[in-house]
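Here the structure is laid out as structure tokens; the discussion comes afterwards.
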Amino acid sequence: MIELNLILIFMILAALVAVEIKDLLSSVVAVGAVGLGLSLAFLLLKAPDLAITQLVVEILCLIILIRATIKKDLPFSTSGRWLFNTISTLIFMAIFLFFAYFAIKDLPKMGEPLIKVSKFYLERGKDLTGATNLVSSVILDFRAYDTLGEATVLFTAVIGVLAVLRKVGKIH
Amino acid sequence: MIYFLCLILFSIGLYCVLRKRNLIKIIIGLGIMEYAVNLFFILVGYRLEGRSPIFAKEKIILSMVDPIPQALVLTAIVIGLAVTALIVAIAIRIYERYGTFDITQIRKLKG
């Protein structure tokens with residue numbers, strides 16, 4: 001468990017750097033560090049499919065964000081009600097963490113999951129689907145409509161990106 | 001303890017979304033929040049000394065970690081990529097129109 005804690009602390013530090021650094025490109029690189037740390041954490045939490053997917057998605061995300069930020073830097077501005085904004089944001093975060101502390105107490109303890117629904121999948125999954133990897137048998141057989149919806153969302157987003165970014169048809 | 005670290009990561013993303021004025025910083029904050037929530041789901045389904053949910057000979061079935069959060073988070077990661085791509089496209093468009101990523105100046109240049 002100690003290595004997981006270390007990776008989480010590394011992710012928190014990288015997130016702080018990504019939030020506070022002034023250069024946008026460095027910020028994007030720091031958020032890439034958070035994502036790759038998340039991939040390592042998935043590997044330690046025994047989720048190899050997720051680790052692979054997170055790695056690929058993180059690299060694509062970095063490419064997209066670098067496309068948005070390159071040569072488009074702008075100076076950091078702190079005009080306006082700096083004190084009021086910061087204090088209200090910190091109060092909001094404190095309220096969130098306060099309630100989260102009480103919500104965590106009601107969760108099952110770390111390392112002892114409440115396996116009720118997935119007990120059926122664990123026991124009968126191989127006989128019913130023939131797949132040895134349970135994650136793929138869940139996403140492609142038991143909950144295939146979920147995956148269909150995911151593909152729909154993905155293609156809708158692609159159409160949206162093409163519609164927003166196209167050059168032809170602009171009125172000048 | 002480890003749940004709480006995960007929630008601190010979430011609140012850093014929340015701070016970034018609420019406090020920063022740069023559109024790219026806001027997108028980064030959304031990404032950090034998404035990572036924290038995904039990690040939280042996997043942490044809830046983790047079993048101590050468990051093994052990954054893949055069948056193998058001469059292993060006990062019930063020592064696996066919970067496969068359902070993993071399947072759902074696999075969907076959520078891909079949808080997060082789609083959402084990020086769409087937001088970045090809109091942000092690039094806003095930059096072309098207004099010449100800035102600062103949300104306070106975008107509000108002033110209405111119309």
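Since the model is a prediction, treat every value here as computed from it, not as a measurement. Convention: sequence-line order gives letters A, B, ...; per-chain numbering from 1.
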Note to self: Under 4.5 Å from any heavy atom of chain A, what part of B/Ala85 do you find: side chain, backbone, both or neither?
What the structure shows: both

Checklist line | Interface moiety of B/Ile27 toward chain A, non-hydrogen atoms closer than 4.5 Å | finding: side chain

Margin query: Applying side chain to side chain contact (heavy atoms under 4.5 Å, CB included) to B/Ile77 and A/Phe42, what does each step give before you reach the verdict?
Written below: CA-CA 12 Å; B/Ile77 288 174; A/Phe42 282 155; 4.1 Å; yes

Item checked: Member of B/Lys20, B/Arg19, B/Lys25 meeting the salt bridge (charged side-chain N to carboxylate O under 4.0 Å, His left out) criterion with A/Glu20 -> B/Lys20

Margin query: Could you list the cluster mates of A/Leu154? Members are the ILVMFWY residues connected by side-chain heavy atoms closer than 4.5 Å, either directly or through other members.
Written below: B/Val78

Check: Where on B/Ile24 is there a heavy atom nearer than 4.5 Å to chain A: the side chain, the backbone, both, or neither?
Finding: side chain

Check: Among A/Val153, A/Val138, A/Leu8, which has the most heavy-atom pairs under 4.5 Å with chain B?
Finding: A/Leu8

Item checked: Which portion of B/Leu86 sits near chain A, non-hydrogen atoms under 4.5 angstrom -> both

Notebook entry, point to check: Taking the six-membered ring for Trp, are the ring centroids of B/Phe10 and A/Phe96 within less than 6.0 Å of each other?
Noted result: yes

Note to self: Tell me which of these, A/Ser136, A/Ala15, A/Gly160, has more heavy-atom pairs under 4.5 Å with chain B than the rest.
What the structure shows: A/Ala15

Note to self: Less than 4.5 Å apart, side chain to side chain, heavy atoms only: is that true for A/Ile139 and B/Leu74?
What the structure shows: yes

Notebook entry, point to check: Where on B/Ile87 is there a heavy atom nearer than 4.5 Å to chain A: the side chain, the backbone, both, or neither?
Noted result: neither

